[in-house]
**Student:** 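Have a look at the structure that comes next, please.
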There are 2 protein chains.
Amino acid sequence: MKEPNPEVFADCPVAGVQKIVRGKWNMVIMYFLHQQTLRFGELSRKMPMVTQAQLTKDLRMLESYGLINRKVYPQVPPKVEYSTTAMGEQFMPVLTALERFATVYEAQAN
Amino acid sequence: MKEPNPEVFADCPVAGVQKIVRGKWNMVIMYFLHQQTLRFGELSRKMPMVTQAQLTKDLRMLESYGLINRKVYPQVPPKVEYSTTAMGEQFMPVLTALERFATVYEAQAN
DNA sequence: GATACAACTTATCTTTAAGTAGCTTAGGTA
DNA sequence: TACCTAAGCTACTTAAAGATAAGTTGTATC
C-alpha cells in the first residue's frame, strides 16, 4: 500500500498478508495463543463455536504463515501444543489496533 | 477481546467491526479515501480490478459503518464524492499496523 | 469386547463474498 | 434520432469460506 497511483498494485505488501486478517477466527486464535501456549483441546474449549475441522484448518493456515508453532508430542492419545512465533508476536499490534478501534466504535455507536 | 475466559464471547467488541477488515477491498478504499476525497469514477479507476458493482457494495457497506461520507450532487450526469469520516480516520491505525506488519513479514519471507 | 481419549480426517452441505453482464436515468452533443 | 456520460441498480453465476456430522488412530481402562 505504498503506491497510490499504479493501476494494478499486485505489489502491495498488505495484499500478501490480508488472508490472515480475513479469516473469521484467526484473530481470536492469535489472541489466545499470545496469552499462553495451548493444546488443541484447550483452545477448542475456549472457542466452542468453532468446529474442530475449522480450527484445524485455521491453525494450519497460521502455521503456514509462520505465525504459530505446532509442537507434536509422540504420545497416545496425541498431544499437540500451539504457541505464537516471533513473527506471530509482530502481528499483535494489528490486533491491538483493531481492538482499540472497536472500543471507540462501540462507544460511539452507543 | 477483553475476556479470555468465557465460553461464548459474543460480547467481544472486535466481532462487531471484523466485517470491515474481512472485506477484500475495504482497506484499499480506506487507504485511497484517507489520502483525498474522490469521486466514484476516480476511485474506480484507481482500483481497476474491482467491478463497479462490487465497489458500490463496498462503499455502501463502509458508509453504513460510518467510516465514509457519501456526498451526492444533484446533477446530470451524476456526481458523487466519497471521503472519510472522523470515525473513518480512527480506523487508520488498523491499516497502518497491518501495513507495518506486512513490511516486516515480506522482508523476512525474502 | 466395548468404550474412551486427543487430535485430527473426510465428505458433504450451506452461507457468504466476489465477479459478470446488462439495464437505467436525464440531459447534452453529433 | 442516436449516442454519450457518471454512478449506479438488478439478476445471475462462480468461488471461497465456513459449518455439520461422522469416521480414524492406537493404546488403556472397565
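Chain naming here is simple, since letters A, B, ... match the order of the sequence lines and numbering starts at 1 in each.
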**Student:** With respect to the phosphate group of D:dG8, does any side-chain polar atom (N or O) of B:Y82 fall under 4.0 Å of OP1 or OP2?
**Tutor:**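 Yes, within the criterion.
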
**Student:** Take atom CD of A:Q75 and atom P of C:dA4, then tell me their distance rounded to the nearest Å.
**Tutor:**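 Distance check: A:Q75 CD to C:dA4 P gives 22 Å.
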
**Student:** Tell me which nucleotide among C:dT20, C:dG19, D:dT20 gets nearest to the side chain of B:W25.
**Tutor:**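 For B:W25, the side-chain atoms sit closest to C:dG19.
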
**Student:** I need the CG-P distance between A:D58 and D:dG18, as an integer number of Å.
**Tutor:**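 Checked: the CG to P distance equals 6 Å.
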
**Student:** Select from A:K57 and A:P77 the residue whose nearest nucleotide in DNA chain D is closer to the 5' end of that strand.
**Tutor:**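 With A:K57 and A:P77 compared, the 5'-side residue is A:K57.
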
**Student:** When the distance from CG of B:L43 to C1' of D:dG8 is rounded to whole Å, what number comes out?
**Tutor:**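 After rounding, the reported distance stands at 14 Å.
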
**Student:** Look at the rings of B:F40 and B:Y82 and say which category their plane angle falls in: under 30° parallel, 30 to 60° tilted, over 60° perpendicular.
**Tutor:**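 Taking B:Y82 first and then B:F40, their aromatic rings sit tilted (interplane angle of 30° to 60°).
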
**Student:** Quick one: A:M49 CE to D:dT20 C1', roughly how many Å, whole number?
**Tutor:**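 A:M49 atom CE is separated from D:dT20 atom C1' by 16 Å.
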
**Student:** Reading DNA chain D from 5' onward, which residue's closest nucleotide shows up sooner: A:Q54 or A:P78?
**Tutor:**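 The residue whose closest nucleotide sits nearer the 5' end is A:Q54.
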
**Student:** Compare every heavy atom of B:N26 with every heavy atom of B:K19, then report the nearest pair and how far apart it is.
**Tutor:**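 Taking B:K19 first and B:N26 second, the nearest heavy atoms are O-ND2, 3.8 Å.
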
**Student:** Any base atoms under 4.0 Å from B:T51, or only sugar-phosphate, or nothing? Heavy atoms, all strands.
**Tutor:**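 Base contact.
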
**Student:** Quick one: does A:Q18's side chain have a donor or acceptor within less than 3.5 Å of a partner on B:K24's backbone?
**Tutor:**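 Here the side-chain-to-backbone pair exists.
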
**Student:** Take B:Y105 and A:Q90 through the test side-chain hydrogen bond (donor to acceptor under 3.5 Å, both in side chains) and record every step on the way to the result.
**Tutor:** CA-CA 9 Å; B:Y105 185 82; A:Q90 299 260 29; over 6 Å; no

**Student:** Quick one: on DNA chain C, does B:K24 or A:G41 contact a more 5' nucleotide (nearest heavy atom)?
**Tutor:**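 Upstream on the strand: A:G41.
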
**Student:** Roughly how many Å is it from CG in B:L55 to C1' in C:dA18, rounded to a whole number?
**Tutor:**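 The answer, rounded to whole Å, is 13 Å.
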
**Student:** Is there a side-chain contact between A:K19 and the phosphate of D:dA17, meaning an N or O under 4.0 Å from OP1 or OP2?
**Tutor:**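 It does, given that an N or O in the side chain of A:K19 lies less than 4.0 Å from OP1 or OP2 of D:dA17.
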
**Student:** Looking at A:R39, does any N or O in its side chain come under 4.0 Å of the phosphate oxygens OP1/OP2 on C:dA7?
**Tutor:**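 Checking A:R39 against C:dA7: at least one side-chain N or O falls below 4.0 Å of OP1 or OP2.
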
**Student:** Taking CD1 from B:I29 and C1' from C:dA17, how many angstroms apart are they, rounded to a whole number?
**Tutor:**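 It is 14 Å, rounded to the nearest whole Å.
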
**Student:** According to a strict under-4.0 Å criterion, is B:Q52 in side-chain N/O contact with OP1 or OP2 of D:dG8?
**Tutor:**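 For B:Q52, the contact criterion (side-chain N or O under 4.0 Å from OP1 or OP2 of D:dG8) is not met.
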
**Student:** Which nucleotide, D:dA7, D:dG18, D:dC9, lies nearest any side-chain atom of B:T56?
**Tutor:**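 The nucleotide sitting nearest to the side chain is D:dC9.
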
**Student:** Can you tell me if B:T85 uses its side chain to pair, donor with acceptor, with the backbone of B:L67 under 3.5 Å?
**Tutor:**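 At least one qualifying donor-acceptor pair exists.
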
**Student:** Can you find a side chain N or O atom of B:R70 that sits less than 4.0 Å from OP1 or OP2 on D:dG8?
**Tutor:**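 Checking D:dG8 against B:R70, a side-chain N or O does come within under 4.0 Å of OP1 or OP2.
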
**Student:** Atom CZ of A:F40 to atom P of D:dT25: distance rounded to whole Å?
**Tutor:**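 Between P of D:dT25 and CZ of A:F40: 18 Å.
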
**Student:** Measure from the side chain of B:R60, starting at C-beta and using heavy atoms only, and say which of C:dA18, D:dT27, D:dG8 lies closest.
**Tutor:**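 In terms of side-chain proximity for B:R60, the closest of C:dA18, D:dT27, D:dG8 is D:dG8.
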
**Student:** Looking at A:R22, I'd like to know if its CZ atom is crowded, meaning that more than 12 non-hydrogen atoms belonging to other residues, nucleotides or ligands lie closer than 6.0 Å.
**Tutor:**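 For A:R22, atom CZ is crowded (more than 12 foreign heavy atoms under 6.0 Å).
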
**Student:** From the set C:dC8, C:dT20, D:dG8, return the single nucleotide nearest to any side-chain atom of A:V80.
**Tutor:**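 Between C:dC8, C:dT20, D:dG8, the one nearest the side chain of A:V80 would be C:dC8.
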
**Student:** Verify the contact: side-chain N or O of B:R45 to OP1 or OP2 of D:dA7, cut-off strictly under 4.0 Å; return yes or no.
**Tutor:**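 Result: no.
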
**Student:** In whole angstroms, how far is the P atom of D:dA16 from the CZ atom of B:R22?
**Tutor:**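 So the two atoms are 15 Å apart, to the nearest Å.
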
